[in-house]
A.B. asks: 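Please find one structure pasted underneath; my questions will follow.
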Amino acid sequence: MTIRFLETGAHAAAFNMGLDETLMKSVRPGEPILRFYAWKPPAVSIGYFQSLEDEVDLAECKRQGVDVVRRVTGGGAVFHDAELTYSYISREYPAGIIDSYKLICNGIVLGLAKVGIQAQFVPINDIIAGGKKISGNAQTRKRGVLLQHGTLLLQVDVDRMFSLLKVPSEKMRDKLVQNVKERVTSVNRSFEEVATALKSGFQEALGDSLRESAVSGAEKEMAEKLAKEKYASKEWNFLR
Amino acid sequence: MPEGKSVLKAQKLLKITLHYADDRIHALQIRGDFFMHPEEDLEKLEKKMAGSVLERGELEQRAKEFLQTTQVFGFDEKSLAEAILQASGKAPP
């Protein structure tokens, strides 16, 4: 079995989410898709079950030129800046949800080992290195297709992250910032170096070779349509 | 109609907005950074809990019935009941 590999570059949040949904439709039986990408401009994504207005300081995001988008997956608010984001999409996957998280996250664990970082998968959806979170992941299953996407932090700016999120009070903000600085870490390597390592890691974890590919014209068109009509819409982002 | 809110740290964060009257849930919104499969079942859970008496046993029972057919990672029937009771003022935050 081969994995169709796409490196789709840095795009706006709505397009990134539109392309994930597009690839869930175009993925073929027996050939999963692995996609690496980045965010330009930086963005905050929230989980499917979160309230946008409760979690995100929309005025501050606008002021800083930071995109905002609701994901189709659960989980929490994520600030996407200096990171490698991946999506794994497949019609074949373990029935158990934690089993599938473990299988896919093992690709990241093995990839990190290749840049000298010892990490481990911690259920439900985290990867920890040196006792600190280095990757968060989220999964959905729709119409027989699994999408798992997640982040690998290249660098982390906790102060900037919390300037964009709502917190109960300013006193709480300082405490949260300090708490996250103690609990989160980053790879501190270039995107290219990490991408090379992760490609190898995913091949080893999933037992398949990667087939270099590109987004088709039809896929790009569908992703742009979904970006415009769904992921950039108030109806979707203010769903809750 | 009284409205109450609560934020509970279960395995994940659970945020409740509750509308209640005569010791019974009229409507509620469940938000948070949990996972639910399938995701569309959140509205079913909110409807399932509506109408419940604000009593731990019934709240847990309704939530437990829901969890027999929907997978949730981040909270269970006990933490959901606790969050609802906190939102109604019947349990301390």
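Proteins get letters first, then strands, A, B, ... in listed order; numbering begins at 1 in each. Heavy-atom basis, side chains included; hydrogens, waters and symmetry copies ignored.
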A.B. asks: Answer with side chain, backbone, both or neither: which region of Gln71(B) has an atom nearer than 4.5 Å to a non-hydrogen atom of chain A?
C.D. replies: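 Just its side chain gets close to chain A.
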
A.B. asks: Is Glu39(B) salt-bridged to Arg141(A), cutoff N-O under 4.0 Å?
C.D. replies: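 No, this pair does not count.
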
A.B. asks: If we only count heavy atoms from C-beta on, is the Glu40(B) to Lys142(A) side-chain gap below 4.5 Å?
C.D. replies: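 Side chain of Glu40(B) against side chain of Lys142(A), heavy atoms only: contact under 4.5 Å found.
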
A.B. asks: For Lys64(B), does the NZ atom have more than 12 heavy-atom neighbours from other residues, nucleotides or ligands under 6.0 Å away?
C.D. replies: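 Result for NZ/Lys64(B): open.
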
A.B. asks: Does NZ in Lys25(A) sit with more than 12 non-hydrogen atoms of other residues, nucleotides or ligands closer than 6.0 Å?
C.D. replies: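 Atom NZ in Lys25(A) is crowded, with more than 12 foreign heavy atoms closer than 6.0 Å.
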
A.B. asks: Check each of Arg31(B), Lys15(B), Lys12(B), Met36(B) against Phe49(A) using the side-chain contact (heavy atoms from CB on, under 4.5 Å) test, and report the only one that passes.
C.D. replies: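 Answer after filtering Arg31(B), Lys15(B), Lys12(B), Met36(B): Met36(B).
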
A.B. asks: Output the option from Gln139(A), Arg240(A), Gln50(A) having the highest count of non-hydrogen pairs under 4.5 Å with chain B.
C.D. replies: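 The answer is Arg240(A).
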
A.B. asks: Of the backbone (N, CA, C, O) and the side chain (C-beta and beyond), which part of Ala138(A) lies under 4.5 Å from a heavy atom of chain B, both, or neither?
C.D. replies: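 For Ala138(A), heavy atoms of backbone and side chain both lie under 4.5 Å from chain B.
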
A.B. asks: Are Ile97(A) and Phe35(B) close enough that some pair of their side-chain heavy atoms sits under 4.5 Å apart?
C.D. replies: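 They are not in side-chain contact.
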
A.B. asks: Is the number of heavy atoms from other residues, nucleotides or ligands within 6.0 Å of NZ (Lys48(B)) greater than 12?
C.D. replies: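 Counting other residues, nucleotides and ligands, NZ of Lys48(B) exceeds 12 neighbours.
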
A.B. asks: Got a second to check how far Leu239(A)'s CG is from Leu42(B)'s CG, nearest 0.5 Å?
C.D. replies: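 Answer for the CG-CG pair, Leu239(A) versus Leu42(B), is 9.5 Å.
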
